[in-house]
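Below: the structure, in structure tokens.
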Amino acid sequence: MSDSLDALQRHYLETMGIQVWERRAPDEGSGFRVQASRGGEAEPRPAESAPAALASAQQIEVLSGDIRKVEQAPADPEPSTLNPEPVSSLDWEALEQRVADCTVCAELVANRTKTVFGAGNRNADWLIIGEAPGADEEREGQPFVGRAGQLLSAMLYAIGLAREQVYISNILKCHPPQDREPKAEEAAACSAFLQRQIALLKPRVILVLGRVAAQQLLHSEASLDSLRGQVHRHESGVPLVVSHPPAHLLRTPQDKRKAWADLCLARRLLDESRGSDA
Ligand code: URA
């Protein structure tokens, strides 16, 4: 992170309700601090090993990155017949098309106008993963475009990142009706798509926004508060940081400080990872 904030970054921090309150003394290194919660300074610790309670094995079985229909699975045009190539071998374009063609989750398919695949830089070091598209996102076919999306852009800008420098996706590629939480079987059915996005992108750091997304990716039932503020590892080995989703921050601005600490932690991981390449 650069050691001084420009006026726009300051503006964004203020917009987010983040008070820049302390400059480090010269001997503490450059940069600035914001009032951080416990989270930002937590020691890295291995991923939780709680059982993968979210996967609903009776309904959907995800095998080697491919989705196969099993006993009680919803009506589906049988991906393995119509789309013989496994998800795990698709390139970006074919994967996006497979997502658009997916009909695995009957309720989501019946209510959707379009899928929201993900957006951003396909060479990005940062991957941001949210829960599921909302109505605004479905309308535009892009993740995080509503008010929450604007806040996310502001937060990224404040740590020196433009939207064009990151890749953003969601656990679910369809908007759940009435903005309800994704069901476990929907998340399981969609997970091969996200796993393939991660494999294609090869990010250096993953920022996960929200409890549902974090629990799904970490196979954990722990609360968001206990998952945030520390370094986990995605099963691909990529360091992963959990934080509050921007929609929550709009409702609960006092948690912006914690989200800021999480972003700074993720930024530090990225800088360290780039440094270790040098
Ligand atoms: N919240 C999410 O989790 N994803 C979006 O795309 C928008 C809001």
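Predicted model, so just to flag it, every value in this text is computed and none were measured. Hydrogens, waters and symmetry mates play no part in the numbers below; they use all other heavy atoms, side chains included. One-based numbering, in listed order, for ligands and for the atoms of each.
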Discussion item. Checking side chain to side chain contact (heavy atoms under 4.5 Å, CB included) between Trp126 and each of Leu201, Leu161, Asn121, which is the one that passes?
Written reply: Leu161
Discussion item. Applying a heavy-atom cut-off of 4.0 Å, say which part of Pro143 lies close to ligand 1: side chain, backbone, both or neither.
Written reply: both
Worksheet item: Below 3.5 angstrom, do we get any N/O pair linking Phe144 and ligand 1?
Response: yes
Worksheet item: Can you tell me the protein heavy atom closest to atom 4 (N) of ligand 1 and the distance?
Response: Asn170 OD1, 2.8 Å
Discussion item. Does the residue Ala132 have a heavy-atom contact with ligand 1, meaning some pair of atoms that are separated by less than 4.0 Å?
Written reply: yes
Discussion item. How about CD on Gln178, more than 12 heavy atoms from neighbouring residues, nucleotides or ligands closer than 6.0 Å, or not?
Written reply: no
Discussion item. Looking at Arg122, I'd like to know if its CZ atom is crowded, meaning that more than 12 non-hydrogen atoms belonging to other residues, nucleotides or ligands lie closer than 6.0 Å.
Written reply: yes
Discussion item. Applying the side-chain hydrogen bond (donor to acceptor under 3.5 Å, both in side chains) criterion to Asp262, which one of Gln230, Arg257, Arg228 satisfies it?
Written reply: Arg228
Fill in: Contact check: Glu131 vs ligand 1, nitrogen or oxygen atoms, below 3.5 angstrom
yes
Worksheet item: According to the interplanar angle, ranging from 0 to 90°, do the rings of Tyr167 and Trp92 count as parallel (below 30°), tilted (30 to 60°) or perpendicular (above 60°)?
Response: tilted
Discussion item. Does ligand 1 come near enough to Gly130 that some N or O of the ligand is less than 3.5 Å from an N or O of the residue?
Written reply: no
